[in-house]
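Below, each value reflects all heavy atoms present in this structure, side chains not excepted, and no hydrogens, waters or symmetry copies. First the proteins, then the strands, lettered A, B, ... as listed; each starts at 1. Computed from a predicted model, the values in this text were never measured in an experiment.
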Amino acid sequence: MRDPAVFYITTAIDYPNSRPHIGTAFEKIGADVQARFQRMEGRSVHFLMGNDENTIKVSQRAEELGVEPQAYVDDMARQFQDVWKALEISNDDFIQTSQERHHLGCRKFIQAVYDAGHIDKRAYTGLYCTGCEAFKTDKEIADGKCPNHPNLALKEIAEENYFFRLTDFSDRLLAHYEANPDFIQPESRRNEIISLVKEGLYDVSISRKGFTWGIRVPFDDDQTIYVWFDALLNYITAIGYGTDEERFNRLWPADVHVIGKDITRFHCALWPAMLMAAGLPLPKRIFGHGFVYNKGAKISKSAGTAIDPMEVFRIHGADPFRYYFMKECPFGGDGNYSDERFAEVYNADFANNLGNLYSRTLSMCVRYFGGTLEGAGSIDPTAWRSGLDLDRLVAELRTLIGNFSYSAALLKIWLEILDCFNRYIQSTEPFKLIKTDPEATKVVLVNLAEAMRVVAILIKPFLPSTAETFYRSFNFGDARAWSDVGYADIPNRPTIANLTVTAPLKDGKPTPLFPKIELNPTAVDV
RNA sequence: GGCUGCGUAGCUCAGUUGGUUAGAGCAGCGGUCUCAUAAUCCGCAGGUCUCCGGUUCGAGUCCGGACGCAGCUACCA
């Protein structure tokens, strides 16, 4: 039995044919929020990401560029990781499927499945383009021709390939879905997969002949392992399958595979069947997230004013970017991006609300008390949240985040915590109170500082930088290190005698964290 | 063509096993405050829940159909 404190989470590995785009980023952010949250809950998290490099397209692309495939994929892997780092993705590992650990694990796996009798050799018939020197799938064919070589006729060629007997696992798969209702999420995806399997699966071709880039089939040197059979295995080869069994047993099975809704079938049908064939345990959960559509940008692109969503975080920072997608696009469903919508959300939720709370709180502490609230430790800091059932709220948030309901969680934090925070200031009016009763004002400000601390913890999984900035704006870290703080710390203020503003100030005022986006006045049609 | 999902306020979405006047945020409008990034706070307005039919004492919620949108249909998140 695996240690229940371990939490192993993965994302889909990406094709390095092009740079990371908004869809891939959406997935990584969603998985990252979960990873960060689980760490805060005290789990020993292992968060894996990677690139899918054993495809024909990689070798073709490398050839076009005149570089070695390995050099090409290494460069792309570096570029991907640069982006993930800029988005504050906290993955613990990044696998490239061209790495030796993956090759060794794949060969061991396919051999095990072969030995167990689930793989056999059959004729594969497909349309072959002599120009590309490759088989073409239906999708790659336009009007019966290869789009790259429209003058050449496609040839129907039969080739001996290895097939995985997926069909044999239909009943066991259905039984597993039945026994484990949470295996596939959200619910709609689960229904789709069940009906897919009920309609009948096909045995799948898992090898190809005559390629040099890729993983050799151990029991047949002429063949390389083909796409999905190789790609899915990254989840186990990355953690030591075939190279470090002790580590593998410590981490497997995965707690959740975070994937796009388009590849649920591979993860929910093929992958479990492969694991069954090899006698390995199945992952506990597979979450198929939705897609982000880029409607607004498409429209404004023609006007030449579009900002590539992937540039947004370079302009406004990773946190507003992360917030936008986690709040505006329900993770299990689809969402949209547009420059206008981004600006609206940013201004309303970041500039006017979150960032402004930071400014007004710190500025009053500095202005009225020189930045130090003496004797804060003996002041009750719960008045700001009177009328709010914080314990209940935190419990709800934990459930929501654990279920990937990020947009609902963020909505709740803004609506119930931040609004409560603002209303407390409004009702106590410390800016008036200071003229008549400095002691009472101090009590209010100690409460505001405490609200800052609570907000910092609540937003930590979503907005790591902002959360840290909030927490470090007072000297809370002297009593409880930021890196250790989790939702369990929310009810317990660390014991600090004097609260001090430690945030950087300029002319006695904090620098606005999120300067408003000035909206271009919309052109008026006359 | 087949399968799946969706269609609720100007925009983005909540609406639990059908049950009282359909909810929220943003945008809009009016007022208020001045600590703060002209932010906050209070209030107002805004919906024949795509359409047609059915089941029911009662339907946004269930059933059938129409229209529209999206995804998948076996190697693109």
Item to check | Comparing A:Lys28 and A:Phe431 on RNA chain B - which has the more 5′ nearest nucleotide | outcome: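 First, find each residue's nearest nucleotide; the 5'-ward one identifies A:Phe431.
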Checklist entry - Between A:Pro330 and A:Arg367, who's closer to the 5' end of RNA chain B by nearest nucleotide? => result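 Closer to the 5' end of RNA chain B: A:Pro330.
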Report the base-pairing partner of [N] (Watson-Crick or G-U wobble, both distances below 3.5 angstrom), or none.
{"N": "B:C26", "result": "B:G10"}
{"N": "B:G47", "result": "none"}
{"N": "B:G64", "result": "B:C52"}
{"N": "B:C33", "result": "none"}
{"N": "B:C57", "result": "B:G19"}
{"N": "B:G1", "result": "B:U73"}

Identify which nucleotide among [options] has an atom closest to any side-chain atom of [X], counting heavy atoms from C-beta outward.
{"X": "A:Leu513", "options": "B:U37, B:C35, B:C41", "answer": "B:U37"}
{"X": "A:Lys432", "options": "B:C76, B:C33, B:U40", "answer": "B:C33"}
{"X": "A:Arg265", "options": "B:C41, B:U73, B:C76", "answer": "B:U73"}
{"X": "A:Asn352", "options": "B:U40, B:C76, B:C35", "answer": "B:U40"}
{"X": "A:Lys516", "options": "B:C26, B:A39, B:C33", "answer": "B:A39"}
{"X": "A:Phe514", "options": "B:C26, B:U37, B:C35", "answer": "B:U37"}
{"X": "A:Glu328", "options": "B:U12, B:C76, B:C35", "answer": "B:U12"}

Report which part of the nucleic acid [X] touches: base, sugar-phosphate, or nothing (heavy-atom distance under 4.0 Å, all strands).
{"X": "A:Ala351", "value": "base"}
{"X": "A:Tyr358", "value": "nothing"}
{"X": "A:Asn356", "value": "base"}
{"X": "A:Ile263", "value": "sugar-phosphate"}

Hey, is the main chain of [Y] close enough, under 3.5 Å, to the side chain of [X] for a donor-acceptor pair?
{"X": "A:Asp52", "Y": "A:Ile13", "answer": "no"}
{"X": "A:Asp32", "Y": "A:Lys28", "answer": "no"}
{"X": "A:Glu159", "Y": "A:Lys209", "answer": "yes"}
{"X": "A:Asp14", "Y": "A:Asn51", "answer": "no"}

Side chain proximity check, [X] to [Y], heavy atoms < 4.5 angstrom:
{"X": "A:Thr511", "Y": "A:Pro504", "result": "no"}
{"X": "A:Val501", "Y": "A:Phe369", "result": "no"}
{"X": "A:Tyr424", "Y": "A:Ser386", "result": "no"}

Checklist entry - For A:Lys261 and B:C72, is the shortest distance between a side-chain N/O and OP1 or OP2 below 4.0 Å? => result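 False: A:Lys261 side-chain N/O out of range (4.0 Å or more) of B:C72 OP1/OP2.
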Work out how far the [atom1] atom of [N] is from that of [M], and round it to whole angstrom.
{"N": "B:C6", "M": "B:G28", "atom1": "C1'", "result": "28 Å"}
{"N": "B:G53", "M": "B:C49", "atom1": "P", "result": "14 Å"}
{"N": "B:C13", "M": "B:A9", "atom1": "P", "result": "11 Å"}
{"N": "B:U50", "M": "B:U16", "atom1": "C1'", "result": "24 Å"}
{"N": "B:A45", "M": "B:G7", "atom1": "P", "result": "27 Å"}
{"N": "B:U73", "M": "B:U12", "atom1": "P", "result": "27 Å"}

Checklist entry - In this structure, are over 12 heavy atoms from other groups packed under 6.0 Å from A:Glu63 atom CD? => result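 No - once you tally the heavy atoms of other residues, nucleotides and ligands closer than 6.0 Å, there are 12 at most.
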Next on the checklist: Taking CD in A:Glu64 as the centre, count heavy atoms belonging to other residues, nucleotides or ligands within less than 6.0 Å. Is the count above 12?
Outcome noted: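 Result for CD/A:Glu64: enclosed.
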Next on the checklist: Measure OH/A:Tyr424 against C1'/B:C33 and give the value in whole Å, please.
Outcome noted: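 Spelled out: OH on A:Tyr424 to C1' on B:C33 is 18 Å.
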Item to check | Atom-pair distance (OH on A:Tyr337; P on B:U12), nearest Å | outcome: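 In whole Å, B:U12 P lies 16 Å from A:Tyr337 OH.
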Short heteroatom pairs, N/O only, protein and nucleotides 44-46 of chain B, under 3.5 Å:
none

Item to check | Shortest non-hydrogen contact from A:Tyr358 toward A:Ala503 | outcome: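 Answer, listing the atom of A:Tyr358 first, then A:Ala503: OH-CB, 3.5 Å.
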Item to check | A:Glu328 bridged to A:Arg341 by N-O distance under 4.0 Å | outcome: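 Judged by the 4.0 Å cut-off on N to carboxylate O distance, A:Glu328 and A:Arg341 do form a salt bridge.
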Next on the checklist: If only side-chain N and O atoms count, and only distance matters, is there a donor-acceptor pair under 3.5 Å linking A:Thr466 with A:Asp319?
Outcome noted: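 The criterion, which ignores hydrogens and geometry beyond distance, is satisfied for A:Thr466 and A:Asp319.
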Next on the checklist: Applying side chain to side chain donor-acceptor pair (under 3.5 Å) to A:Glu53 and A:Tyr72, what does each step give before you reach the verdict?
Outcome noted: CA-CA 10 Å; A:Glu53 300 172 336; A:Tyr72 173 74; over 6 Å; no
Next on the checklist: Please list, in numerical order, the residues of residues 408-420 of chain A that have a heavy atom closer than 4.0 Å to any atom of RNA chain B.
Outcome noted: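 Here the set is A:Leu415.
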Checklist entry - So which of A:Ile225, A:Val113, A:Ile119 actually passes side-chain contact (heavy atoms from CB on, under 4.5 Å) with A:Ile206? => result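 Testing A:Ile206 for a side-chain contact (heavy atoms from CB on, under 4.5 Å) against A:Ile225, A:Val113, A:Ile119 leaves exactly one candidate, A:Ile119.
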Protein-nucleotides 3-11 of chain B N/O pairs under 3.5 Å:
unit_1 : atom_1 : unit_2   : atom_2 : d
B:U4   : O2'    : A:Glu192 : OE2    : 3.1

